[in-house]
Each structure stands twice: as structure tokens, then as C-alpha cells.
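Written out below as C-alpha cells is the structure these notes cover.
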Amino acid sequence: MEVYLIRHTTPKVAKGICYGQTDLNLAESYREEFAQVKRLLPSSFDAVYSSPLKRCSQLAHHLSEDILFAEELKEVNFGLWEMKEWSGINSKELNKWMDDFVHVRPPEGESLIDLLSRTLNFWETLISQKYQQVAICAHAGPIRCILGEVLGVPPQKLFGIGQSYGGVSMVSVKFGQPQVEYINRV
């Protein structure tokens with residue numbers, strides 16, 4: 001099975017804003033960015049999975065009419081920090097989270113362990129299926145979780161896995177064993 005991990009294109013949000021599960025629109029550059037993404041993909045898929053958030057579902061609709069939406073593919077929930085400027089978040093809370101983002105949750109949000117748990121549950125179910133080619137339209141967080149699992153990257157190092165907007169990574173799963181064969185970035 002070939003699994004194409006596709007990060008949404010640039011969202012319509014100001015730089016320096018904390019967002020995760022906020023349902024943002026895509027930037028005006030979406031069509032140009034999508035044209036570049038499409039060049040990296042096969043012409044069809046056996047299944048297209050997507051985060052239900054607009055910035056992913058819009059992309060998924062260009063790949064298939066039949067989309068399987070998965071809550072597990074949503075970005076990390078930053079709770080009360082959503083849509084606040086990073087510089088405006090209480091420094092004591094932010095420092096506590098930055099010191100251990102793997103385990104510490106933002107107020108009313110999720111930790112990286114929470115994100116890993118739900119994403120890898122989805123991943124394990126997916127790789128047990130009999131698909132040939134699958135697309136997953138998701139966010140940087142869940143994509144990093146999947147790639148980290150495949151590559152053996154520990155949770156505290158996941159942010160070292162680059163994920164550009166509109167980036168595509170392909171994981172080949174043979175005999176239930178995933179391997180990254182190549183990573184393309186737009």
C-alpha cells in the first residue's frame with residue numbers, strides 16, 4: 001500500500017497566531033499551491049481520508065467525491081490558546097508547556113501524547129486495510145506523528161520533521177510494515 005500524507009495548503013491566518021483545531025479557511029494562494037501538490041500525486045486513490053477541518057477537507061474534495069472524514073486526523077487542540085498571538089499567551093503557562101509539550105496540555109487542550117494516541121490509533125487501523133493507494137489530507141501534527149512512528153523518531157523530536165504547507169510524503173506499507181520511501185516537499 002502507498003499512503004500519501006498531504007498537508008493542507010497555506011491557511012488564511014496572520015503569522016504568530018496559535019491555531020490548531022480552529023476551522024480556518026485557506027489563503028487566496030490555494031489554487032496555485034494545490035496545482036503544485038497535484039503534480040506529486042497519483043491520478044486516483046482507493047480511499048481518501050481527511051481531517052474534517054476546512055483546510056483539509058477542501059483539498060480532499062479535489063481528490064475524490066467519497067471522503068472518509070476522521071476526527072483522529074485533526075490538528076492538536078490548543079484549547080484556550082486557540083487564535084491568540086503566541087506572544088500574548090501567559091508566559092508561565094507557555095513556558096511550562098514548552099518545557100514538556102509531550103506531556104503538558106495547554107489549558108483545555110491536548111498534549112502531544114494525546115495527539116499521538118489518537119493519530120496512531122487511526123494509523124494502525126489504516127495499515128491493516130487492503131488498499132493499494134490512499135491519500136490522507138491532514139495537518140502537520142498528525143503527519144509528524146505518523147512519520148515519527150514509521151521513522152522511529154521519539155515524541156520530543158517530532159517537530160524536527162519538516163512539514164511545509166502543501167507538502168507530500170509517501171509511506172509504503174508492505175506486509176504490514178511501513179517504510180518511508182520518499183518525502184517530497186513543494
Polar side chain donor-acceptor pair, [X] to [Y], under 3.5 angstrom:
X	Y	answer
D114	S111	yes
E33	T10	yes
W81	E93	yes
S172	E2	no

Report the distance from atom [atom1] of [X] to atom [atom2] of [Y], rounding to the nearest 0.5 Å.
X	Y	atom1	atom2	answer
L126	L120	CG	CG	12.0 Å
F78	E110	CZ	CD	9.5 Å
H139	T119	NE2	OG1	10.0 Å
K74	S50	NZ	OG	11.5 Å
K174	I127	NZ	CD1	14.5 Å
K84	N90	NZ	CG	8.5 Å

Could you tell me which non-hydrogen atom of [X] sits nearest to which non-hydrogen atom of [Y], and how far apart they are?
X	Y	result
T125	S128	O-OG, 2.7 Å
R105	G109	CD-O, 3.3 Å
L41	V37	CG-O, 3.5 Å

Would a distance-only check, ignoring hydrogens and angles, find a side-chain to backbone donor-acceptor pair under 3.5 Å from [X] to [Y]?
X	Y	value
D46	Q132	yes
Q21	E75	yes
D23	K54	yes
N95	S91	yes
R55	R7	no
R144	I161	yes
E82	T22	yes
Q163	G141	no

Which class fits the ring pair Y165 and H8: parallel under 30°, tilted 30 to 60°, perpendicular over 60°? tilted
The test is side chain to side chain contact (heavy atoms under 4.5 Å, CB included); show your working for L73 and I136 and say whether it passes. CA-CA 9 Å; L73 294 174; I136 297 176; 3.7 Å; yes
What about the rings of W123 and Y49, do their centers lie closer together than 6.0 Å? no
Side-chain touch [X]/[Y], heavy atoms, less than 4.5 angstrom:
X	Y	answer
I89	C18	yes
C145	L115	yes
F101	P155	no
P52	E71	yes

Could you give me the CA-CA distance, side-chain angles and deciding distance for I146 and L5, then say whether side chain to side chain contact (heavy atoms under 4.5 Å, CB included) is met? CA-CA 9 Å; I146 292 169; L5 304 168; 3.9 Å; yes
After noting the C-alpha distance and the side-chain angles of L158 and V153, does the key distance pass the side chain to side chain contact (heavy atoms under 4.5 Å, CB included) rule? CA-CA 6 Å; L158 288 181; V153 176; 4.0 Å; yes
In one Ile/Leu/Val/Met/Phe/Trp/Tyr side-chain cluster, 4.5 Å: [X], [Y]:
X	Y	result
L53	L24	no
F159	W86	yes
M98	L80	no

Salt bridge (charged side-chain N to carboxylate O under 4.0 Å, His left out) between E28 and K12, intermediate numbers included: CA-CA 8 Å; E28 288 75 22; K12 190 174 185 175; 2.9 Å; yes
For L59, which residues count as a side-chain contact (heavy atoms from CB on, under 4.5 Å) partner, sequence neighbours excluded?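 For L59, the residues satisfying side-chain contact (heavy atoms from CB on, under 4.5 Å) (neighbours in sequence not counted) are I6, F34, C137.
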Can you check ring pair (Phe, Tyr, Trp, His ring centres under 6.0 Å) on Y131 and F45, steps first, answer last? CA-CA 9 Å; Y131 298 125; F45 294 98; over 10 Å; no
Decide yes or no on side chain to side chain contact (heavy atoms under 4.5 Å, CB included) for S169 and L147, but give the supporting numbers first. CA-CA 9 Å; S169 303; L147 291 174; 3.7 Å; yes
Distance-only criterion, 3.5 Å: show the donor-acceptor pairs between side-chain atoms of residues 60-70 and protein atoms not counting sequence neighbours.
| residue | atom | partner | partner atom | Å |
| --- | --- | --- | --- | --- |
| H62 | NE2 | Y30 | OH | 2.7 |
| S64 | OG | D66 | N | 3.0 |
| S64 | OG | D66 | O | 3.1 |

